[in-house]
Amino acid sequence: MSTDIMDFTTEAEFLTTMAENLTEIVGTSIQTITEKALLMASLTPVAAVESAIENTTETALLLSTLTPVTAIESAIENITEVVWLVSTLTPVTTVENAIENITEVVWLVSTLTPVAAVAFVTTTEDTVTDVMSNETTTEHQLTIEDLRKSMDAFFLVIMSFIIFFLQGGFAFLEAGSVRSKNTTNILMKNLMDILLACLAFWVVGYMFFQSEGNTFIGTDVGYILTLKLEATMYAHWFWSLTFCATAVTIVSGAVAERCDLMAYFAYSIAISGLIYPVVAHWAWTPNGWLMVNGYIDFAGSGVVHHLGGVCGFVGAVFLGPRIGRFDVKGKPVNIAGHSVPLAALGAFILLFGFFAFNGSTQAAIGTPEDMVIVQRAVINTMIGGCSSGLMTLFCFRSSLMKSGGKWSLLSTINGTLCGIIATCAFCNFAEPYMTFIVGIFAAFVYVFIHHTMIWLKIDDPLDAVAVHG
């Protein structure tokens, strides 16, 4: 009986000693926390994080050799570094938060083996490192404005790809509308149009068009070869090139089947390197003299198409008609193209491309206002082409009925394109019903110019002047 009482007394003394030791440990920990909290509150967040990482590493090495009880005591002493998370708080608040965190950690570590404790501390160290990394990169987070600019650039690049494909449409339409012996020549011209236009526009054309200068021409030599052009402007450069190449290619239809290649190459370089950029500067830059005087041409009815039509007219006049186009009495002789399917395929490609041509001219899609303008431009493009194509079809059908003529595919294609081109100037703000009316008038203008060119004995195999001029 006395032995049992002695054992009970011994156990009670042991528990009392353990309680006193734990009380002393907690008191010491609280004092240490208070001192370190005051110190950490005066440190910068970065310095606090570095200190925490150093102590955490030391703790991991120590815990790997300690028993669970010793690990608990060591964790209580070293875990105080959690105060770096609240280094901007007052010392009192810091101490309260640290005590709360220590309580949770003591309970967790007390249930772990030494190896698991080491893993826990290592994970804590990784978390601290991640927080440091996140704190360092907060200055480079994307903003809504950054996303909007990225969306606009992506929109402009994709639309430029589609506009670029207009070159294929022109090539097929022209190849199908001329005699087979001249097919290679016409395709070569269309390919060289884009290559030469790219070279001339890259060297000096974009400088004449877009850079600061005077009301007549841009003169900032930093734009030559895009040497000082910011990378954020590359999408705009490519988009501008596709418009320039379109203006150049219009000429190839007016001078088809009779223009020497070298002469045509020189013509292309002059248009893409000087003529088009200067006219675009007049109309599409803030200090251009046309823009200053209130000129409005949203998608290039004048700047691109009228320019190309006028240049084509000049080339056709200087070259004269093809051999056999007019008989000895001056009456026109029809020279049929060799492939209706090629011409039709080219027409459909052009129709597809013009949706991007007109729709992309806003050069942005990232705001509600941009979205509305793009949608309006697209629907007006279709409505204008619809009314003009139908009216042209019936005009030519009625004029040929007495001679037993048939429905004219090529004239209907050209009439549709004429209506689309007529809407380029105002497709961003006009109502669709107004565009429909404009398309009807565009058909009449096309028919009038078509017959006038024949009356003047000016040979235009593709009716490029009547469509674009």
Side-chain angles (χ1 to χ4, degrees), residues 163-178 185-198 200-201 205 240-259 263-280 283 297 299-319 343 346-347 349-351 353-354 356-358 361 385 388 410 413-425 442 445-446 449-450 453 458-469:
I163 299 171
F164 186 91
F165 197 45
L166 283 173
Q167 300 300 316
F170 283 119
F172 282 127
L173 179 60
E174 294 174 19
S177 301
V178 300
N185 179 276
I186 209 76
L187 294 176
M188 176 63 75
K189 288 178 182 177
N190 278 272
L191 176 60
M192 295 307 296
D193 276 338
I194 192 65
L195 300 181
L196 294 174
C198 177
F201 198 70
S240 300
L241 169 65
T242 60
F243 271 55
C244 177
T246 300
V248 173
T249 306
I250 293 170
V251 179
S252 65
V255 299
E257 297 195 297
R258 62 198 191 280
C259 183
Y264 182 78
F265 295 163
Y267 207 58
S268 295
I269 292 173
I271 295 174
S272 56
L274 179 63
I275 298 173
Y276 170 80
V278 170
V279 175
D297 185 2
S301 283
V303 176
V304 177
H305 298 284
H306 185 65
L307 169 68
V310 170
C311 291
F313 175 79
V314 173
V317 170
F318 273 88
L319 287 174
I349 294 174
L350 291 175
L351 293 177
F354 268 111
F357 192 95
N358 289 358
T361 309
S388 183
L410 186 59
I413 291 171
N414 288 334
T416 304
L417 295 175
C418 183
I420 290 175
I421 291 166
T423 66
C424 290
V445 172
Y446 165 72
I449 296 178
H450 167 81
M453 292 282 288
I458 299 174
D459 186 15
D460 183 0
L462 274 293
D463 267 347
V465 177
V467 172
H468 300 275

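Keep in mind it's a predicted model, so treat the numbers as computed, not measured.
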Exercise. Would you say D460 and F313 make side-chain contact, with heavy atoms under 4.5 Å?
Worked result: no
Seminar exercise, completed: F201 and S272 have their tightest heavy-atom pair at CD1-O, 3.8 Å
Seminar exercise, completed: Between A280 and V303, the two heavy atoms sitting closest are CA-CG1, 3.8 Å
Exercise. Which heavy-atom pair separates G353 from L166 by the least distance, and what is that distance?
Worked result: CA-CD2, 3.7 Å
Seminar exercise, completed: Interatomic distance, CD1@I458 vs CG@L319, rounded to 0.5 Å, equals 12.0 Å
Exercise. How many angstroms lie between CZ in F172 and CG in N190, if you round to the nearest 0.5 Å?
Worked result: 10.5 Å
Exercise. Does CE belonging to M188 count more than 12 external heavy atoms closer than 6.0 Å?
Worked result: no
Exercise. Can you check whether V255 reaches F318 side chain to side chain, under 4.5 Å on heavy atoms?
Worked result: no
Problem set entry | S301 (side chain) donor-acceptor with A425 (main chain) under 3.5 angstrom | yes
Seminar exercise, completed: For S252 and I186, the nearest pair of non-hydrogen atoms, with its separation, is O-CD1, 4.0 Å
For this session: For the residue pair R258 and D459, establish whether any side-chain heavy-atom pair is separated by less than 4.5 Å.
Result: yes
Exercise. At their closest point, which heavy atom of V304 faces which heavy atom of I250, and how far apart are they?
Worked result: O-CD1, 4.0 Å
Problem set entry | Side chains of Y446 and L417 in contact at under 4.5 Å (non-hydrogen atoms) | no
Problem set entry | Contacts of V445 that satisfy side chain to side chain contact (heavy atoms under 4.5 Å, CB included) - sequence neighbours left out | I449
For this session: Answer yes or no: is there a donor N or O on one side and an acceptor on the other, between the side chain of S177 and the main chain of E174, under 3.5 Å?
Result: no
Problem set entry | Centroid-centroid under 6.0 Å between F357 and F354 rings | yes
Problem set entry | Minimal non-hydrogen separation, E257 against K189, with atom names | N-NZ, 4.4 Å
Exercise. Would you say T423's side chain and I420's backbone share a donor-acceptor pair under 3.5 angstrom?
Worked result: yes
For this session: Report the residues that fulfil ring pair (Phe, Tyr, Trp, His ring centres under 6.0 Å) with F170, sequence neighbours left out, ordered by chain and then residue number.
Result: none
Exercise. Within a strict 4.5 Å, meaning less than it, do heavy atoms of the T246 and Q167 side chains meet?
Worked result: yes
